[in-house]
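Bear in mind the structure is a predicted one, so any value in this text is a computation, not a measurement. The chains referred to below are lettered A, B, ... by the order of the sequence lines, with proteins before strands, and numbering in each begins at 1.
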Number of protein chains: 2
Amino acid sequence: MKAGADIAADMESTGGRQDTKEVILDAAEKLFAEKTYSAVSLRELTQAAGVNLAAVNYHFGSKDALLIALFRRGAIELNRARARLLREAEERAGGGTPPVREIVAALVLPAIRYSFTSTRLALYNQFVAFARGDGPAEAREMLDKEVGHLQRFALSLARALPHLPQHEVYWRLHFAMGVQHSLYTDMKRLETLSGGLCQLDDLDAVAARVIDYVTAGLEAPYTAKG
Amino acid sequence: MKAGADIAADMESTGGRQDTKEVILDAAEKLFAEKTYSAVSLRELTQAAGVNLAAVNYHFGSKDALLIALFRRGAIELNRARARLLREAEERAGGGTPPVREIVAALVLPAIRYSFTSTRLALYNQFVAFARGDGPAEAREMLDKEVGHLQRFALSLARALPHLPQHEVYWRLHFAMGVQHSLYTDMKRLETLSGGLCQLDDLDAVAARVIDYVTAGLEAPYTAKG
DNA sequence: CATTGACTTAAACGGGCGTTTGAATTTAGC
DNA sequence: GCTAAATTCAAACGCCCGTTTAAGTCAATG
C-alpha cells in the first residue's frame, strides 16, 4: 500500500513516526554535498542512512522528489532566519535604513551559523551549488523562486546605498552571494593555499571576515561602467 | 588496436589528425558545465560531438581520463594568461610592488575574457566548480596543485597589503575567487533577481565591476578577529 | 597495389542504476 | 486482541551506463 507516500508528501505530520524521512534527508544532505546528486546512488544513500533501499521511493516517491524535499527543508529555514535578522535590523534603525554592515550581517550570519551548527542545514549551501543544472527542472525552478527572498535584501541595500544605480546594487549583492558560496565549495583549496593557516574553526571570526569583505565591496566607490 | 590511445595520451601531436579529440573536449566542456560530470553519459556526449560512442575510450582511455584531459587543457591556458598579466604588472611597477588593483586585474581578466570569447576555455570555470568532489581522485589532486599558481598572487598581494597578516590575505584572495565563480555558477539567479537588468553582455563593464568589488574587499580596513 | 597503422564503426558485454513488487512486520484505533 | 493501515524488507525488473570487441575504413608508405 503506497497510500503513505502521497499522504506524507502533502502533510508534514502524519500519524506515523517521522524518523525515517529525516534520517534519509540528513544522509542525502551530507552525500549530495560531498559528491553530486547524480553521483550518489540510492543504494549508497540508503546504506549510509541505515534504511532499506525502497524507503526513498516509498517516502518521497522518487530520487528527484527527494532532492526537491531536501532543498525545500533547507531553504525554508535559511530564508526564515535571514528575514528575521533583517527585520530586527530595520526595527533597530527605527523605521529608517539600517547601515550596510547590518544588512550584510543579516544575509551572512544565518548561512554560516546554520551550516556548521545545525545538523539539518549542514552542507545545505554546498548542495545548492550542485543542484543548479544537475537536478530536475522542478528543483531549478525552486532555486529561481528563492530569488524572491533575496529581493528584500536588494531593496534594503538600495536604500542604504542611494548613490548606486539599481543594477549596480544587484551586481554587488550577487558578488556577495559568491563570497558566501566560497565558504562551502572551495575550502580545501584555501586550506592548501594557506598551508593549513586558514580553517573554518572559529565561526565568529570567519563571519566577521566575510562581513568586512562584503561590506567593503558593497561600499566601494562607483565608477560608471560601459 | 588500442596503441593509439596510449600514444595520443602521452604526446600531444601524433601524426594523425587531432580533430576528433578536440571536438570531444569542446562538447565535454559544454555539457559538463551545463550538467555534471556524472550526469552526462558518454552516449549523450558523443552524440552531441558527432563522433562514435567508442571514440572517447579510444582517444582518452576512459571517461575519467577525459575529464582530467579537459581540465588540464583549460588550466594551462588560464594560468598562463594570469601569470603573464601579473608579470607585466610587476614590470610596470619597475621591480616594486604593483597596486592591488592591477594584481586583481591580472587575476580576474583572463578568467572573464577567455571564458566568453575563446571556444576552448568557454565554460571552463563553471566546470571547475563541478569537478570538485565529483570527478576522480586524480582530477581533484590536479585542482589542488592548481593552488601553486594562486600562491604567486598571494605573495604579490601580501606585499601590496603589508598591514594585513598573512592568513587574512589568504582569506581575502579566497573570497576573490568566490566572486569570480559567481560569474559562472549563478548568473541565472542574478538575471531573475534583476529582472533582466544585469547580464553578461558587456564583458569590459563586468570585468571593471568585479575588479572594483574585489579590490575594495582586499583593501578593506583590518579589524583583528577572534 | 599491397601493406601497414591510425582511426571509425556497430554490436555486444556485464554491472549498477532507479524503481516496482508483494509479502512480512510494525503500529494505531477500537 | 483484532483489524486495518502504515511501514519495512528482500527480491526482482528493465534500462542505461562505461567499456570492450572485432570487423571495417581510409590514407600514407614502400
Side-chain angles (χ1 to χ4, degrees), chain A residues 1-25 27-28 31-32 35-70 134-136 138-139, chain B residues 1-25 27-28 31-32 35-70 134-136 138-139:
Chain A
M1 324 277 160
K2 53 188 334 195
D6 303 331
I7 293 173
D10 291 336
M11 36 203 326
E12 287 301 311
S13 57
T14 324
R17 65 181 178 90
Q18 196 129 336
D19 228 352
T20 300
K21 281 185 78 168
E22 301 252 332
V23 167
I24 290 173
L25 285 171
L31 287 173
F32 288 172
K35 305 182 155 201
T36 301
Y37 169 68
S38 51
V40 178
S41 73
L42 286 185
R43 284 166 177 81
E44 177 186 5
L45 171 64
T46 51
Q47 191 164 342
V51 302
N52 187 269
L53 167 62
V56 169
N57 283 278
Y58 176 76
H59 284 286
F60 296 94
S62 70
K63 190 190 178 189
D64 281 2
L66 165 63
L67 179 70
I68 292 167
L70 177 60
D134 189 18
E138 188 180 348
Chain B
M1 327 277 159
K2 53 186 341 192
D6 304 329
I7 293 174
D10 291 337
M11 34 202 327
E12 287 300 312
S13 59
T14 325
R17 67 181 176 89
Q18 197 131 335
D19 228 352
T20 300
K21 280 186 78 168
E22 302 252 331
V23 166
I24 291 173
L25 284 172
L31 288 173
F32 288 172
K35 305 181 155 200
T36 301
Y37 169 68
S38 51
V40 178
S41 72
L42 286 185
R43 284 168 176 80
E44 178 185 6
L45 171 64
T46 51
Q47 191 164 344
V51 301
N52 187 271
L53 167 62
V56 169
N57 283 277
Y58 177 76
H59 284 285
F60 296 94
S62 70
K63 190 190 179 189
D64 281 1
L66 165 63
L67 179 70
I68 292 168
L70 177 60
D134 188 19
E138 189 180 345

Over all strands shown, is A/Ala55 touching base, sugar-phosphate only, or nothing at heavy-atom distances under 4.0 angstrom?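 Here A/Ala55 touches no strand at all.
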
Strictly below 4.0 Å: does [X] bring a side-chain N or O up to OP1 or OP2 of [N]?
X	N	result
B/Asn57	D/dG18	no
B/His59	C/dT8	yes
B/Thr20	C/dT8	yes

Residue pair A/Ala49 / A/Val23: nearest heavy atoms and the distance that separates them: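 The pair with the smallest heavy-atom distance is O-CG1, 3.1 Å.
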
Heavy-atom closest contact (A/Leu45 atom, A/Ala27 atom, distance):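 Minimum heavy-atom contact is CD1-C, 3.7 Å.
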
For DNA chain C, what residues of residues 41-49 of chain B have any heavy atom nearer than 4.0 Å?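 Contacts with DNA chain C under 4.0 Å: B/Arg43.
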
Closest to the B/Ala54 side chain: D/dT19, D/dT21, C/dG18?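 Closest nucleotide among those given: D/dT21.
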
Whole-Å distance separating the [atom1] atom of [X] from the [atom2] atom of [N]:
X	N	atom1	atom2	value
A/Tyr58	C/dT25	OH	P	17 Å
B/Leu31	D/dC17	CG	P	13 Å
B/Asp64	D/dG18	CG	P	10 Å
B/Asn52	C/dT8	CG	P	9 Å

